[in-house]
Enquirer: 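What follows is a single structure, and I will ask about it in a moment.
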Amino acid sequence: GVAVIPHKYIFSIRKASEVLNEEPTFNADLTLSKTTMIGVFSKLLKFSTLILSNSLFFNFLICYICIRKFNRIKLAKTKTKAKKETPLMTQFNGIKAKHPDALLLFRVGDFYETFGEDAIKTSKILGIVLTNRANGSSKIELAGFPHHSIDTYLPKLVRAGQRVAICDQLEDPKTTKKIVKRGVTELVTPGVSYRDTLSDQKSNNFLASVFFDKDNIGVSFLDNSTGEFLVTQGKADYVDKLLQSFSPSEVLFEKSKRKEFEKEFGTQFFTHMLDDWVFTTDYSEDLLLNQFHTKSLKGFGIQELESATISAGAVLHYLKETHHHLTQHIRKISRIDQEKYVWMDRFTIRNLELFHSTNEQAKTLIDVLDFTISPMGSRMMKRWLALPLKDKTQIEKRTEVVQYILNNPDFKSVLEELMDEYSSRNLQILQVAEGYQLCTRHDYSDWVRKFLKFDKTTKLSQPSLDTLAIIA
């Protein structure tokens with residue numbers, strides 16, 4: 001016979017339809033035969049049933065199904081319409097998807113443009129005009145600046161804590177009739193950049209990496225501009241003092257260790273999280289051995305520092321990830337000796353006002369002491385102030401050299417002249433187009449020979465001469 005479907009079956013139909021992820025399909029003219037109804041409801045309810053075609057429940061079902069179908073068609077049309085965009089924006093979105101956490105500076109002709117949310121952030125940070133441009137059937141926010149002004153605007157973005165992906169034109173627009181091929185040529189972050197305009201040449205710009213192991217914490221510091229690469233490992237309080245002393249511009253750590261990092265070291269650092277697989281022994285050792293072209297790390301004295309080695313490998317991985325492939329100047333890695341220095345915590349450094357002061361226009365200790373004439377000297381002065389020596393013999397070596405220079409004004413003049421010449425030459429060497437090169441130990445030997453030639457009667461001890469070469 002003919003039966004009317006109760007309310008509970010109507011809701012069962014709706015639930016079954018959602019589970020199966022499909023709607024009941026009726027004839028286009030909604031003229032439903034008994035066979036059609038039986039087939040549809042049998043599929044959804046898993047048993048045969050009939051319904052009166054003129055009943056209230058029948059009308060309800062038809063309305064419900066039609067509304068659902070209409071909404072789906074309308075949504076599909078809306079999505080299709082939203083996907084219509086210009087070829088340029090299609091290219092932009094494809095590149096942006098690969099760098100979702102970075103501001104994308106997109107080269108268009110003689111300008112670097114930013115779009116959408118990037119444009120809103122850029123206009124606020126740089127104080128430039130925010131406008132919009134057509135994007136198919138819609139509009140999108142736009143902000144940009146001339147490409148030759150990148151050294152002016154890029155530092156402001158990075159100092160505001162932004163990661164910046166620089167997307168350049170990879171071919172001459174005149175040689176193609178299609179859209180110009182573009183790609184990211186550099187990913188600039190606070191801790192990594194080839195550009196001198198982004199950092200103070202009188203201060204180290206360290207990129208740090210922290211690896212949480214079961215028994216201790218590995219930490220490494222790399223200044224990509226000078227090639228200095230330092231590693232060590234220890235307990236959390238020791239690593240915290242290191243972070244305060246070296247004051248890195250950016251710190252890397254595992255994605256799964258965010259809570260541990262913030263608990264131990266706070267939230268004052270600019271940080272970036274890497275995938276956990278990056279922090280593995282084999283991968284890190286391979287990166288380090290390839291970088292230094294050696295078969296083992298024994299010569300650097302870090303073969304037993306597994307946690308430190310892993311953190312150092314993460315630093316090299318990050319250089320590759322950010323398209324910083326010119327790393328020939330990073331030629332060695334050194335171990336930080338915990339027993340060699342006096343380690344100061346963040347409160348001591350702050351209260352002594354070594355480098356910063358809570359009072360505006362206040363003079364810090366480094367402001368009083370630093371009258372060096374070269375960026376290298378200024379960086380060393382800051383390092384010595386942040387890491388005071390404990391060994392009396394090493395301290396006496398430094399004071400002996402200082403006293404010698406004070407007692408020999410003519411020698412001081414020659415030293416200043418050579419330092420000025422060397423600073424200019426060193427800057428040019430570090431910026432050669434083919435990549436970075438490191439000034440070799442031979443450069444320092446030349447300096448020492450010039451010093452000894454000038455003053456053959458010097459009574460400086462050999463250890464003090466070595467210290468003088470380091471200062472040079």
Enquirer: Quick check: Phe300 with Phe292 (ring centres under 6.0 Å apart)?
Expert: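 Yes - the distance between ring centres of Phe292 and Phe300 falls below the 6.0 Å cut-off.
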Enquirer: Backbone N or O of Gln403 within a donor-acceptor pair of the Asn407 side chain at under 3.5 Å?
Expert: yes
Enquirer: Would you check if there is a donor-acceptor pair between the side chains of Asp345 and Gln244 at a distance under 3.5 Å?
Expert: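 No pair is found: no donor N or O on one side chain lies under 3.5 Å from an acceptor on the other.
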Enquirer: Yes or no on side-chain contact (heavy atoms from CB on, under 4.5 Å) for Thr226 and Asn204, after CA distance, side-chain angles and deciding distance?
Expert: CA-CA 8 Å; Thr226 64; Asn204 283 105; 4.0 Å; yes
Enquirer: Can you tell me how far the CG atom of Leu365 sits from the CE atom of Met381, to the nearest 0.5 Å?
Expert: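 It is 9.5 Å, given to the nearest 0.5 Å.
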Enquirer: Decide yes or no for Glu321 and Leu274: does some side-chain heavy atom of the first lie under 4.5 Å from some side-chain heavy atom of the second?
Expert: yes
Enquirer: Does the side chain of Val251 reach to within under 4.5 Å of the side chain of Pro248, using non-hydrogen atoms?
Expert: yes
Enquirer: Check for a donor-acceptor pair, side chain of Asn408 on one end and backbone N or O of Asp410 on the other, with a separation under 3.5 Å.
Expert: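 No, because the side chain of Asn408 does not come within donor-acceptor range (under 3.5 Å) of the backbone of Asp410.
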Enquirer: Is the Phe212 to Phe279 ring centre distance short of 6.0 Å?
Expert: no
Enquirer: Do Ser378 and Lys382 have side-chain N/O donor and acceptor atoms under 3.5 Å apart?
Expert: yes
Enquirer: Return yes if a side-chain donor-acceptor contact under 3.5 Å exists between Glu353 and Thr364, otherwise no.
Expert: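 Absent: no donor and acceptor within the cut-off.
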Enquirer: Would you kindly say whether His272 and Tyr318 are connected by a side-chain donor-acceptor distance under 3.5 Å?
Expert: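 There is no such pair between these side chains.
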Enquirer: Can you find a side-chain donor-acceptor pair between Asp168 and Thr185 that sits under 3.5 Å?
Expert: yes
